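Start at 1 and go down the list; that is how both ligands and their atoms are numbered. Here the structure is a predicted model, which means the values were calculated and not measured.
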Amino acid sequence: MKSIIITGGAGFIGSHVVRLFVRKYPQTKIINVDKLTYAGNLANLKDIENAPNYMFVKADICDFDTIYSLMQNEHVDGIIHLAAESHVDRSIKDPFTFARTNVLGTLSMLQAAKLYWESLPEKYEGKRFYHISTDEVYGALEITDPEGVRPPFTTKASSSEHHLAYGTEFFVETTKYNPHSPYSASKASSDHFVRAFHDTYGMPTIVTNCSNNYGPYQFPEKLIPLFINNIRHRKPLPVYGKGENVRDWLYVEDHARAIDLIFHQGRVADTYNIGGFNEWKNIDIIRVLIKTVDRQLGRKEGEDLNLITFVTDRQGHDMRYAIDSRKLQKELGWEPSLQFEEGIEKTVRWYLNNQEWLDSVTSGDYQTYYEKMYANR
Ligand code: NAD
Ligand code: TYD
């Protein structure tokens, strides 16, 4: 492909995808379309911002005219759509913003691609619209075995170790959608629109549903970066409910590698689940984070366990997510590359070494910095 739009490229996962594509495909123009909401930060892409095949466009995906003109002017033949409002707690307070960006924004991307691609002589030939979604659209699984055995900390997940830790079920690609939060409801709706554009107009679409990501550049409102930062500064760690909810964690670069593989080799109109067979109760992961931060800071390991503070549970808090990614592993040969232990070590080290980044995003300074930079261009 000659020209690919990646939406939401200044966010957490998007910045890893942009970096991977800019480096791996020097002959392809990578156009990062991002509105730079509170979650978008161009500092996440400092290392590639001057690459000749990289272009940044500050735009709202809901702005149909701008998106459509960009597709025409840049002869875009591929779209990887990550831009979204992504935090469940925010969606509980402000569902409208989630419906606007996640549903209407996705529709605007789809309609612009449809009109542009259908205007070309080759139409949809060689084109691809790849929509990034979440496992949260499937709803919540039950915890049937609270004392379950999670994968050994040191074991790399692989297709031979598809481990069910706390229940008898996984989310598979055919699991019926049953979203509970305004966030997951908006993502489910956008997934339906993407599939409808394939079924109605023949657009070559792909949807993937991934489990919780962790790693560098995640906005510190999400569990892992928020808690690393709080442990460092010895601030209380607000654990929702009893901390028994289960999430299935994947290192963000492994997600980016899966996106690359599926974008290039995935079957059109198909769906792939992405996850690392790595279920953890929140409270267990929090204890690991405390010990890791303590050790890396030269504190006594575990001395900050007293920061754990149980607070009122999140409304409608989904109990358990667990992804079955065997289809992706079998059909396209993808596997997570990191052991969870390595991923957590690397992640904690990154946040501790990048306090400036954390300070700038927690203070909001990054927004004024880039606002000024763009105003001066
Ligand atoms: P993020 O919140 O870190 O980044 C979202 C990006 O989208 C930001 O750069 C933001 O500025 C941009 N954006 C928001 N509204 C926009 C708009 N109207 N127009 C243009 N840009 C806009 O999110 P993330 O965690 O990187 O998630 C990226 C995608 O992956 C989302 O679609 C999310 O649903 C999905 N996903 C996330 C996870 C996870 O664990 N974080 C897991 C599975 C799927
Ligand atoms: P989060 O990172 O917000 O991701 P998601 O809700 O999309 O899974 O939260 C991960 C888990 O951690 C979830 O069960 C909620 C819990 N959590 C807390 O207990 N305290 C917190 O301050 C946050 C942000 C999350």
**Request:** Give the residue and atom name of whichever protein heavy atom lies nearest to atom 33 (C) of ligand 1, and the separation in Å to one decimal.
**Result:** Tyr183 OH, 3.5 Å
**Request:** May I ask which of Glu221, Arg90, His317 has a heavy atom nearer to atom 24 (C) of ligand 2 than the others do?
**Result:** Glu221
**Prompt:** Looking at Tyr321, is Arg247 sitting on its ring face, NZ or CZ under 6.0 Å from the six-membered ring centre and within 45 degrees of the normal?
**Reply:** yes
**Request:** Please say whether Lys35 places an N or O atom under 3.5 Å from an N or O atom belonging to ligand 1.
**Result:** yes
**Message:** I want to know if ligand 1 touches Thr37 in the polar sense, i.e. an N/O pair below 3.5 angstrom.
**Reply:** yes
**Prompt:** Looking at atom 19 (O) of ligand 2, what's its closest protein heavy atom, distance included?
**Reply:** Tyr240 N, 2.9 Å
**Message:** Check this for me: does any side-chain nitrogen of one of Arg257 and Asp254 sit under 4.0 Å from a carboxylate oxygen of the other?
**Reply:** yes
**Complete:** of all protein heavy atoms, closest to atom 43 (C) of ligand 1 is Cys210 O, 3.3 Å
**Message:** Is the contact between Leu36 and ligand 1 made by the side chain, the backbone, both, or neither, using heavy atoms and a 4.0 Å cut-off?
**Reply:** backbone
**Item:** Protein contact of atom 40 (O) of ligand 1 - nearest heavy atom, named by residue and atom, plus distance
**Value:** Asn213 N, 2.8 Å
**Request:** Measure the distance from atom 36 (N) of ligand 1 to every protein heavy atom, then report the residue, atom name and distance (to 0.1 Å) of the closest one.
**Result:** Ile13 CD1, 3.9 Å
**Request:** Identify the protein heavy atom lying closest to atom 5 (C) of ligand 1, giving its residue, its atom name and the separation to 0.1 Å.
**Result:** Ala84 O, 3.4 Å
**Message:** Just to confirm my output: which protein heavy-atom neighbour is closest to atom 4 (O) of ligand 2, and how far is it?
**Reply:** Asn212 ND2, 3.4 Å
**Message:** Tell me whether the rings of His192 and Tyr177 are parallel (<30°), tilted (30 to 60°) or perpendicular (>60°).
**Reply:** tilted
**Request:** Mind running side-chain contact (heavy atoms from CB on, under 4.5 Å) on Glu85 and Ser91 for me, showing each step along the way?
**Result:** CA-CA 8 Å; Glu85 290 291 338; Ser91 81; over 6 Å; no
**Request:** Output the list of atoms in ligand 1 that are nearer than 4.0 Å to some heavy atom of Thr101, sorted by atom number.
**Result:** 15 (N), 16 (C), 18 (N)
**Asked** Between His264 and Tyr25, what is the ring plane arrangement, given parallel below 30°, perpendicular above 60°, and tilted in between?
**Response** tilted
**Prompt:** With a cut-off of 4.0 Å, which atoms of ligand 1 are near a heavy atom of Ile132?
**Reply:** 30 (O), 32 (O)
**Asked** Any N or O on Glu85 sitting closer than 3.5 Å to an N or O of ligand 1?
**Response** no
**Prompt:** Out of Phe340, Phe12, Trp280, which one pairs with Tyr214 under the ring pair (Phe, Tyr, Trp, His ring centres under 6.0 Å) rule?
**Reply:** Phe340
**Shortest reach to atom 9 (O) of ligand 1 by a heavy atom, considering only Asp34, Val137, Asp60** = Asp34
**Prompt:** Got the closest protein heavy atom to atom 28 (C) of ligand 1, with its distance?
**Reply:** Leu82 O, 3.5 Å
**Prompt:** Got the closest protein heavy atom to atom 32 (O) of ligand 1, with its distance?
**Reply:** Lys187 NZ, 2.6 Å
**Message:** Can you report which non-hydrogen protein atom sits closest to atom 20 (N) of ligand 2, along with the distance?
**Reply:** Pro238 O, 2.7 Å
**Closest protein heavy atom (residue, atom, distance) for atom 25 (O) of ligand 1** = Phe12 CD2, 3.7 Å
**Prompt:** Heavy atoms only: which of Ala59, Gly14, Ser133, Ser86 is nearest to atom 1 (P) of ligand 1?
**Reply:** Ser86
**Request:** Determine, considering heavy atoms only, which of Asp318, Asn282, Ile283, Asn230 sits nearest to atom 11 (C) of ligand 2.
**Result:** Asn282
**Message:** Heavy atoms only: which of Glu136, Arg314, Arg320, Lys222 lies closest to atom 9 (O) of ligand 2?
**Reply:** Arg314
